[in-house]
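Quick note on labels: first sequence line is chain A, next is B, and so on, each numbered from 1.
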Amino acid sequence: MANARALDKRRKSIKNIRKITRTMELIATARYKKAMERAQAATAYTDQITKIVSRLAAAGLDVKHPLLEQRDEIKSARVLVLTSNRGLCGGYNAAVLREAMPQIRQMKETIPNVTVDVSGKRGVDGLRFRGVTTDERHLNFEDQPKYDEVEAIASSYLARYITGEIDRLDVVYTKFVSTSKQVAMVETLLPLGSLAGDESTEEELGGSNVDYEFLPSAESILEEVVPTSFKVRLFKCFLDAAVSEQVARMVAMKGATENAGEMIKELSMTYNRARQSQITGEIMEIIGGVEALEN
Amino acid sequence: MAIRCIVVTPERTELDTEATSVTLPMFDGSLGVLPNRAPMIGRLGYGKLELETSAGPQRFFVDGGFAQVEGNTVNLLTSRSIPVDLLDVGEAEKALAEALDMSARTPEQAQLRETAIRRARGQLRAAR
């Protein structure tokens, strides 16, 4: 049986760790709620953009824009990997890197010029460890990415794309599906593919079929809609990544707290047993001593 | 009869208020909106959004985007909206100088430069 005092020391230190992990869980929960609110606020904006696009399409405008078209020859591409600045969030960063690595490798085989950009310290370290050189490093994104900061990045990508410096932009990030499900995935943001995004184009229009006046012209609006929707999509990626990070941390810390609790229980049991057997041993010794004296 | 004016940015709903008249900074000049205007979708430029409310006039700098008028509701989608009082003339002047300094060797670069200049000028006008 182990030394009772050593056991007690260990139990105390685990109790301290449990306190820390529980606090971290609480913090992550609070941050998750805030990040979630922001993500929902952004949805209001994207919904409006989608509506405008569908109205443009309904007005008989042919939705065409250089940003929407696939280029025939892809000479150079960029990959943006979104990870977190801090660790202790379970498999969050590992999942993103696991998704990013094959993608980068495959692109490097087919495209002559591939550059990797990364956001988050964990990603910088992880990619360096895997032998990938990174170009731009963004370390300023925490749980609440600012639109201004994301827009600056988006604008620089847009400028590069328009001037022909890059022909393709992929983003590797964690998509937030629900609180219990987040998926690391690759999304090609440039060229944009489709504008409207996913579902909800036709039905929503049905109710109010009003004739809109387009000022200055439908084409001019389209010219502005396309870059804006790219920026918002990139912003959405950052928001999703932020929310997913907090969820991952919440779950990881919850697990840690529970494990610490179990460990404390086990240690308490062994400690009590050790203490009891120690006392028994002492009593036996005393009794033995008394008997020896009587004789 | 009042107009409901809603300003939405990607981060949050910036403004949701009633006004008697709204002046939008469109891509090619100002556009006044009074109650019962015909539905429209327009492209916003960089400039001042002016609201006449019962509590007095309100002014905001709007950073591009779109406006949608339907019924008596004006929806503005913009990347940024800042109350005019909070704008800084010096900052706007610096942005303009930077924009003028951009190189414009190819048509694409020229276009980017032009947009930057227009934006900085709009900000400067609103700030003054």
Counting only heavy atoms closer than 4.5 Å, note whether [X] contacts chain A via side chain, backbone, both or neither.
X        : result
B:Thr9   : backbone
B:Thr78  : backbone
B:Leu44  : neither
B:Arg105 : neither

Residue, of A:Asp148, A:Val232, A:Ile52, that accumulates the most heavy atom pairs under 4.5 Å with chain B: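 Top option by heavy-atom pairs under 4.5 Å: A:Asp148.
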Crowding at CZ, B:Arg4 (>12 non-hydrogen neighbours, <6.0 Å):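 Atom CZ in B:Arg4 is not packed in, count stays at 12 or less.
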Over 12 foreign heavy atoms within 6.0 Å of CD, B:Gln111: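 Atom CD in B:Gln111 is not packed in, count stays at 12 or less.
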Below 4.5 Å from any heavy atom of chain B, which atoms of [X] appear? Answer side chain, backbone, both or neither.
X        : answer
A:Lys236 : neither
A:Ile49  : both
A:Tyr147 : both

Pair A:Lys51 + B:Glu70: basic N to acidic O under 4.0 Å: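 Here A:Lys51 does not pair with B:Glu70 in a salt bridge, since their nearest N and O are not under 4.0 Å apart.
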Could you tell me if the side chain of [Y] sits less than 4.5 Å from the side chain of [X], heavy atoms only?
X        : Y        : value
A:Lys231 : B:Ser79  : no
B:Arg12  : A:Gln40  : no
A:Thr163 : B:Gln109 : yes

Heavy-atom closest contact (B:Phe66 atom, A:Ile221 atom, distance):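 B:Phe66 and A:Ile221 have their closest heavy atoms at CE2-O, 3.8 Å.
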Heavy-atom pair with the smallest gap, counting every atom of B:Gly65 and A:Glu224: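 Residues B:Gly65 and A:Glu224, closest heavy atoms: N-OE2, 3.8 Å.
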Test item: B:Arg43 side-chain N/O and A:Ser220 main-chain N/O as donor-acceptor pair under 3.5 Å: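 Yes.
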Nearest-0.5 Å distance that lies between atom CZ in A:Phe214 and atom CD1 in B:Ile41: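 The CD1 atom of B:Ile41 is 4.5 Å from CZ of A:Phe214, to the nearest 0.5 Å.
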Between B:Glu11 and A:Tyr45: side-chain donor-acceptor atoms closer than 3.5 Å: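 No, A:Tyr45 and B:Glu11 have no side-chain donor paired with an acceptor closer than 3.5 Å.
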Options B:Val69, B:Thr106, B:Leu77, ranked by heavy-atom pairs under 4.5 Å with chain A, top entry: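 Option with the top pair count is B:Leu77.
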